[in-house]
Amino acid sequence: MSTFQRRLNLWDSTALVVGSMIGSGIFIVSSDMARGLGATGWFLLAWIISGILTVFSALVYGELAGMMPNVGGQYVYLREAYGSLYGFLYGWALFLVIQTGTIAAISMAFAKYLGLLIPFVSENNILLQVGIIKINSVHAIACFVIILLTWVNTLGVKEGKTVQNIFTFLKVSILFIFIVAGFIFASSKGYWQQNLSILWDTHIVGGEISGFGLAIAMATSMVGSMFALDSWYNVTFASDEVIDPKRNLPRSLILGTITVSIIYLFTNVVFLLCLPLRGDSTSTNIIAQGIQFAANDRVGTAAMYAMMGAGAAAIMAIVVMISTFGANNGIILSGARVYYSMANDGLFFKWVATLNKKGVPAKGLVLQGVWSFLLCLSGSYSQLLDYVIFVSMLFLVLTCFAVIKFRRTRPDAERPYKVWGYPYVPIIYIVSAVFIMIVLLIKKPLFTWPGLGIVVLGIPVYYLWKNKNTNNI
């Protein structure tokens with residue numbers, strides 16, 4: 001089999017969008033956001049703005065996906081808009097940090113939550129030590145998940161999409177039940193009224209904010225919500241496997257991002273029904289700790305405890321395991337398609353530009369799995385992930401600007417779908433994202449400048465690769 005197989009219909013593509021977005025972030029990031037904003041209104045507004053910006057960017061990508069329904073997706077858009085250097089830098093960051101770091105982190109999250117059910121799975125349970133390298137049972141489970149899902153996706157896109165559809169259906173159903181249960185069982189607890197009393201208060205942990213300072217706080221806090229809403233564009237990587245891509249890619253991007261944005265907003269409303277937004281950092285009581293000081297930032301577990309009592313930790317562990325397993329499958333499935341496209345352009349290992357007899361880039365999948373595996377063992381994935389949202393947003397801005405550029409340089413190109421609200425939608429996203437990035441560069445330099453450094457490091461690598469005889473690689 002020398003060509004990709006078109007096996008992903010609209011439902012499959014939408015499931016890939018939704019399933020790649022919903023991981024463990026929604027159950028964790030709200031705690032830090034609550035500490036940074038301190039008031040119910042600003043907290044919910046941050047989620048609403050994040051959702052709108054995500055949908056706006058998906059609307060823009062829909063036009064590009066319809067114009068260029070080619071394997072590699074975002075890599076192709078950047079290459080065509082700005083040249084091969086920009087495409088390479090995106091693929092470089094994707095392989096080195098964005099995709100593989102996310103795979104490693106999600107796998108470790110799966111293993112750590114499994115440890116709540118099976119005590120054997122613990123970071124204190126060292127299975128092997130070679131010098132300073134220690135491999136514990138959490139590492140072992142995380143690496144096993146990577147190996148398993150990589151193997152499943154080498155069997156063919158049909159097998160990969162089957163796993164994706166099952167786990168996407170499961171976690172969307174679970175979140176729907178969680179939301180309904182929250183409105184039924186938690187609405188009488190009185191925390192909603194308490195949280196409404198601080199709807200637009202400007203007091204946060206450590207002080208008070210107002211005016212431009214509030215805008216700064218919103219921008220820094222939205223790192224959490226934007227991270228939780230990330231990875232929706234993964235479906236564009238597999239464009240050559242989508243049935244009628246010019247029609248189904250834009251639809252799946254829009255349907256998927258709208259669905260997850262709404263689910264996340266209502267999930268946070270349930271958090272506010274179950275728990276006080278402002279908590280007591282010194283308390284050992286799960287409810288009194290509130291959203292701000294939930295143990296290990298596990299807001300989902302605290303909310304479940306408020307509804308169901310002592311069994312909440314085990315139930316939430318199962319929920320997160322289902323959620324992370326499905327998210328990892330989607331991210332693993334899609335990422336290797338970018339490396340395949342890069343290799344075809346002579347910008348990655350030539351042997352990655354091959355498909356197995358099932359029509360999937362198995363060698364790219366294995367290479368991605370090996371690097372993710374090593375990141376798990378190194379422990380560096382958590383630091384790398386700090387840089388992901390900034391680097392990801394940087395390329396999102398460039399890609400959104402590409403739509404404006406193509407409208408001027410390729411006015412006659414076929415556009416089965418044109419972005420709604422052009423040019424306002426892409427401009428709003430670009431301006432908002434650039435503001436957030438500038439704030440992050442100033443306020444969180446340890447999380448942003450290293451991310452830029454990783455991208456810049458790719459420039460000499462690009463020229464070395466271009467000058468090298470790729471036939472000998």
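The structure displayed is predicted, hence computed values, not measured ones. The basis for the numbers below is simple: all heavy atoms, side chains too, and nothing from hydrogens, waters or symmetry mates.
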* Between G451 and V391, which heavy-atom pair has the shortest distance, and what is it? -> O-CG2, 3.5 Å

* Asked: Just by modelled atom types, is the F120 backbone N or O under 3.5 Å from a matching donor or acceptor in the S137 side chain?
  -> yes

* Asked: With no hydrogens and no angle check, is any side-chain donor or acceptor of N195 less than 3.5 Å from a backbone partner on L277?
  -> yes

* Answer whether the closest heavy-atom distance between the side chains of I49 and M222 falls below 4.5 Å. => yes

* To do: Indicate yes or no for a side-chain donor-acceptor contact from S341 to the backbone of V338 under 3.5 Å, with no hydrogens or angles considered.
  => no

* Would you mind reporting whether F176 and I179 have side-chain heavy atoms less than 4.5 Å apart? => no

* Asked: Does V319 offer a backbone N or O that forms a donor-acceptor pair with the side chain of S323 under 3.5 Å?
  -> no

* Any side-chain donor-acceptor pair under 3.5 Å between E123 and N136? -> no

* To do: Answer yes or no: is there a donor N or O on one side and an acceptor on the other, between the side chain of N234 and the main chain of S231, under 3.5 Å?
  => yes

* To do: Would you check if F390 and L441 make a side-chain contact, meaning some heavy-atom pair closer than 4.5 Å?
  => yes

* How close do I146 and G369 get, heavy atom to heavy atom, and via which atoms? -> CG2-O, 3.7 Å

* **Polar side-chain atom of Q5 near backbone of K358 as donor-acceptor pair, under 3.5 Å** => yes

* To do: Give a yes or no on whether a salt bridge exists between E241 and R337, defined as a side-chain N under 4.0 angstrom from a carboxylate O.
  => yes

* Out of curiosity, L127 CG to I135 CD1, how far, rounded to the nearest 0.5 Å? -> 8.0 Å

* **Whether N329 side chain and G160 backbone form a donor-acceptor pair below 3.5 Å** => yes

* Structure fact -> Heavy-atom nearest pair, V360 first then T154, reads CG2-O, 3.5 Å

* Asked: Counting heavy atoms not belonging to Y86, are there more than 12 under 6.0 Å from its OH?
  -> no

* Any sub-3.5 Å donor-acceptor pair from S31's side-chain atoms to I291's backbone N or O? -> yes

* Is there side-chain contact between F178 and T267, with at least one heavy-atom pair below 4.5 Å? -> yes

* Should the heavy atoms of other residues, nucleotides or ligands under 6.0 Å from CZ of F435 be counted, would the total exceed 12? -> yes

* To do: Please examine the side chains of I26 and W47, heavy atoms only from C-beta on, and report whether any two atoms are closer than 4.5 Å.
  => yes

* Before giving the answer on side chain to side chain contact (heavy atoms under 4.5 Å, CB included), spell out for L94 and F237 the whole-Å C-alpha distance, their side-chain angles and the decisive distance to 0.1 Å. => CA-CA 12 Å; L94 193 82; F237 302 160; 4.2 Å; yes

* Heavy-atom pair of closest approach, residues L249 and A65 -> CB-CB, 3.8 Å

* Asked: Going through the checks in order, is the side chain to side chain contact (heavy atoms under 4.5 Å, CB included) test met by L440 and M393?
  -> CA-CA 11 Å; L440 293 179; M393 193 173 289; 5.6 Å; no

* Less than 4.5 Å apart, any side-chain heavy atom of Y90 and any of R79? -> no

* To do: Please confirm whether W92 and F348 have ring centers closer than 6.0 angstrom.
  => no

* Show your working on side chain to side chain contact (heavy atoms under 4.5 Å, CB included) between Y463 and L85 and close with a plain yes or no. => CA-CA 9 Å; Y463 286 107; L85 172 60; 4.1 Å; yes

* Asked: Centres of the F95 and Y339 rings: under 6.0 Å?
  -> yes

* Asked: Could you go step by step and tell me if C143 and L377 meet the side chain to side chain contact (heavy atoms under 4.5 Å, CB included) rule?
  -> CA-CA 8 Å; C143 292; L377 298 182; 4.0 Å; yes

* Asked: In terms of side-chain heavy atoms, does S225 have a donor or acceptor partner in S50 at a distance below 3.5 Å?
  -> yes

* Asked: Any side-chain donor-acceptor pair under 3.5 Å between N328 and S107?
  -> yes

* **Separation of Y340 OH from L367 CG (nearest 0.5 Å)** => 15.5 Å

* Measure the spacing between OG1 of T40 and CD1 of I198 and express it to the nearest 0.5 Å. => 4.0 Å

* Asked: Between F27 and Y113, is the gap from one ring center to the other below 6.0 Å?
  -> no

* Side-chain heavy-atom pair Y75, T236 within 4.5 angstrom cut-off -> no

* **Approximate separation, where rounding is to 0.5 Å, of L149 CG and L333 CG** => 10.0 Å

* Any chance NZ of K158 has more than 12 other-residue heavy atoms, nucleotides or ligands included, within less than 6.0 Å? -> no

* How are the rings of Y462 and F88 set to each other: parallel, tilted or perpendicular (split at 30° and 60°)? -> tilted

* Is there a donor-acceptor contact under 3.5 Å from the side chain of K171 to the main chain of G19? -> yes

* To do: Please tell me if the side chains of S392 and Y233 come closer than 4.5 Å, counting only heavy atoms from C-beta onward.
  => yes

* Asked: For the residue pair N165 and A15, what are the closest heavy atoms and their distance?
  -> OD1-CB, 3.3 Å

* Search all heavy atoms of L8 against all heavy atoms of A238 and return the closest pair with its distance. => CD1-CB, 4.3 Å

* CD1 of I442 to CD1 of I216: how many Å apart, nearest 0.5 Å? -> 7.0 Å

* Structure fact -> dist L45:CG -> L265:CG (nearest 0.5 Å) comes out at 10.5 Å

* Is it true that the NZ or CZ of R298 lies under 6.0 Å from the centre of Y305's six-membered ring and within 45 degrees of the ring axis? -> no

* Hey, does the side chain of T324 reach the backbone of M321 with a donor-acceptor pair shorter than 3.5 angstrom? -> yes

